[in-house]
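Only one structure is covered here, and it is reproduced in the block below.
This structure is a prediction, so every number in the text was calculated from the model and none was measured.
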Amino acid sequence: MTYEDRLWHVPEDDLRAYARGGLEAPALWSADTHLTACAHCRAVLAGFGDTVALDDAWERLDAELDAPRPGLLESLLLRLGVRDHTARLLAATPALRRSWLGAVSAVLLLTVAVTAGHAEGGRPTLFLALAPLLPLAGVALSYGPRMDPTYEMAVVAPMHGFRLLMIRTVAVLTAGLGLNGLATLALPGYGLLALSWLLPALALTATALALSARLGPVLAPALTGGGWVALLLAADAVRSGAHETLAPFTAAGQGVSAAVAVFGAGLLVLLRDRFDLNRDPAV
């Protein structure tokens, strides 16, 4: 007679209750101790288990183990009450990654250094010309199948494509304009002139978004940025002196930028249905 044959076995009724999680102490403690040493009772217990529920539990466990851990930005968004799928889509935005933000910061620092080195009797022309293009580039990187690594995830997300576009645009603009604002603080000698990049930045972004409904997320920002460069070159060609402020940064130019920004935002709202990711192959 083996050692196992000399052991008592847990009654089947108790094993059924154990499998359901309904066995009460002290019988539960006795069953726990016995099952560690009795292969027969473990085999009987396995026959009382719900195999479907067990398979579901393993699938959920595998999904939890395979799911990527939230990064710093995603964790912060979750703490602020943003839904998990929205936080994941925002965290995956290329223009919100450390590499992109670091590159923008480096470009701004170099531009500020060059501008500050020519401060005496000059104008922050280089900084004012470059600053509006950085938010435009960030927004251009925030959506579209060629730019967005989570495009397939965005397609099946429970939200309209225009809403996703606006969420990402606001997030990217907040980061981009924030960096530009910090760079502006390093140019106190120019006064309000150093802030005259803000309205052009909003105008360029609104124009590019509105045009992307027709031209797509790559061509529209490229044409908008090219138009801005061409405008600056034309303004530079017609100004009378090297120290004269370029037309887009004068009071009249700021008014035009504000009007363009409002017009572009209105046009964007009118064309919002074209940004439905489930139907529009151009986005």
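Hydrophobic clustering places L246 together with L193 (ILVMFWY residues linked when any side-chain heavy atoms are closer than 4.5 Å, directly or through intermediates). A continuous path of hydrophobic side-chain contacts links M166 to L173 [ILVMFWY only; heavy atoms under 4.5 Å]. The cluster map of Ile, Leu, Val, Met, Phe, Trp and Tyr, joined by side-chain heavy atoms under 4.5 Å apart, puts Y190 and V112 in the same cluster. The hydrophobic cluster containing L195 does not contain V256, counting ILVMFWY residues as joined when their side-chain heavy atoms lie under 4.5 angstrom apart, directly or transitively.
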Could you go through the side-chain contact (heavy atoms from CB on, under 4.5 Å) check for V107 and L110 one step at a time? CA-CA 5 Å; V107 170; L110 290 174; 5.9 Å; no
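Distance check, rounded to the nearest 0.5 Å: CG of L177 to OG1 of T205 gives 7.0 Å. The line from CH2 of W228 to CG of L133 is 7.5 Å long, rounded to the nearest 0.5 Å. Distance check: T207 OG1 to L136 CG gives 9.0 Å after rounding to the nearest 0.5 Å. Distance CG/L15 to CZ/R42: 12.0 Å, rounded to 0.5 Å. Interatomic distance, CG of L232 versus CZ of F249, reported as 5.5 Å (0.5 Å rounding). From D14, atom CG reaches atom NE2 of H34 across 11.0 Å, with rounding to the nearest 0.5 Å.
S212 contributes a side-chain N or O that, together with a main-chain N or O of L209, makes up a donor-acceptor pair within less than 3.5 Å. Between the side chain of Q254 and the main chain of S196, a donor-acceptor pair closer than 3.5 Å is present. Here the side chain of T36 pairs a donor or acceptor atom with the backbone of T33 at under 3.5 angstrom.
Of all heavy-atom pairs spanning V139 and V172, the tightest one is N-CG1, 3.6 Å. The shortest heavy-atom contact between P132 and A129 is CD-O, 3.6 Å. Taking each heavy atom of P200 and W197 in turn, the nearest pair found is CD-O, 3.3 Å. For A194 against F127, the heavy-atom pair with the smallest separation is O-CE2, 3.8 Å. Across every non-hydrogen atom of L108 and A183, the tightest pair is CB-CB, 4.2 Å.
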Scan the side chains in residues 257-269 for donor-acceptor partners under 3.5 Å anywhere in the protein, sequence neighbours excluded, and list what turns up.
unit_1	atom_1	unit_2	atom_2	d
S257	OG	G253	O	3.1

Enumerate donor-acceptor pairs with a distance under 3.5 Å from any side-chain N or O in residues 216-223 to protein atoms, sequence neighbours excluded.
none

